[in-house]
Amino acid sequence: MDADQVREHFDQARVARLGTIDAAVSRPHLVPVTFARMGDDTLVTAVDQKPKRTAALRRLRNIAANPAVCVLADHYEDDWTRLWWVRADGIARVRETADEPAAVAALVARYPQYGELPPGGPVIVIEVERWSGWSGG
């Protein structure tokens, strides 16, 4: 797939997985995230109000220690000619929602569930350095 096809597939996904690296033991940490793409090479996700065990999320600590991240989106069907995955490798930074109104607006526009209660936690802004992907068809 070329870069435009990879981005198009990425946009089709409703959820992706954000991979970060634990600073203490260099272990990968993977969590599902909602996301929006802003421009060609910027992804955003935010901490929302869904219940979490703690506000001190590991993904935020990991990004503070090592901003290199990977975001993976995929599609599975029993017809394997319709399979695909796409990956965005980049550098993340954690920002306050007040500093990223466009990011929050992009998430609200993509997910109607955020219409009544937009994400209020930190925003993760990812500058994609490399897109890759595969498609079975």
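Note that the coordinates shown come from a computational prediction; the quantities given were computed from them, not determined experimentally. Index from 1, following the sequence.
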Original post:
For Ala92 and Val69, which heavy atoms make the closest approach, and how far apart are they?
Top reply: CB-CG1, 3.8 Å
Subject >> ring pair (Phe, Tyr, Trp, His ring centres under 6.0 Å) partners of Phe35, counting only residues at least two apart >> reply: Phe10
Original post:
Can you name the salt bridge (charged side-chain N to carboxylate O under 4.0 Å, His left out) partners of Asp4, sequence neighbours left out?
Top reply: Arg7
Subject >> Contacts of type side-chain hydrogen bond (donor to acceptor under 3.5 Å, both in side chains), residue Glu77, not counting sequence neighbours >> reply: His75, Arg82
Original post:
Roughly how far, to the nearest 0.5 Å, is the CG atom of Leu107 from the OH atom of Tyr114?
Top reply: 6.0 Å
Original post:
Do you know which two heavy atoms are closest between Val15 and Pro32, and how far apart they sit?
Top reply: CG2-CB, 4.1 Å
**OP:** Just grab all the side chain to side chain donor-acceptor pair (under 3.5 Å) pairs involving residues 98-110, residues at least two apart or on different chains.
**Re:** Arg95-Glu100
**OP:** Could you list the residues that satisfy side-chain contact (heavy atoms from CB on, under 4.5 Å) with Pro118, not counting sequence neighbours?
**Re:** Val104, Val108
**OP:** Among residues two or more places apart or on two chains, list those pairs meeting salt bridge (charged side-chain N to carboxylate O under 4.0 Å, His left out) that have a residue in residues 20-32.
**Re:** none
Subject >> With Val6 via side-chain contact (heavy atoms from CB on, under 4.5 Å) - residues at least two apart >> reply: Met1, Val86, Trp131
**OP:** If a pair satisfies salt bridge (charged side-chain N to carboxylate O under 4.0 Å, His left out) and one of its residues is in residues 63-74, list it, with sequence neighbours excluded.
**Re:** Arg17-Asp74
**OP:** Please report the closest heavy-atom contact between Ala102 and Met38, naming both atoms and the distance.
**Re:** CB-CE, 3.8 Å
**OP:** Could you tell me whether the side chain of Leu30 reaches within less than 4.5 Å of the side chain of Leu72, counting heavy atoms only?
**Re:** no
Original post:
Can you list the residues that meet the side-chain hydrogen bond (donor to acceptor under 3.5 Å, both in side chains) rule with Ser26, with sequence neighbours excluded?
Top reply: none
Subject >> Qualifying salt bridge (charged side-chain N to carboxylate O under 4.0 Å, His left out) pairs, either residue in residues 113-134, two or more places apart >> reply: Asp89-Arg130, Arg93-Glu127
**OP:** Could you pull out all residues at least two apart from Thr20 that satisfy side-chain hydrogen bond (donor to acceptor under 3.5 Å, both in side chains)?
**Re:** Asn62
Original post:
Checking side-chain contact (heavy atoms from CB on, under 4.5 Å) against Ile126, which of Asp41, Leu18, Ile63, Ile91 comes through?
Top reply: Leu18
Original post:
Looking at residues at least two apart in the chain, or sitting in another chain, which of them share a salt bridge (charged side-chain N to carboxylate O under 4.0 Å, His left out) with Glu8?
Top reply: none
Original post:
Considering only heavy atoms from C-beta outward, does the side chain of Val33 approach that of Arg59 to under 4.5 Å?
Top reply: yes
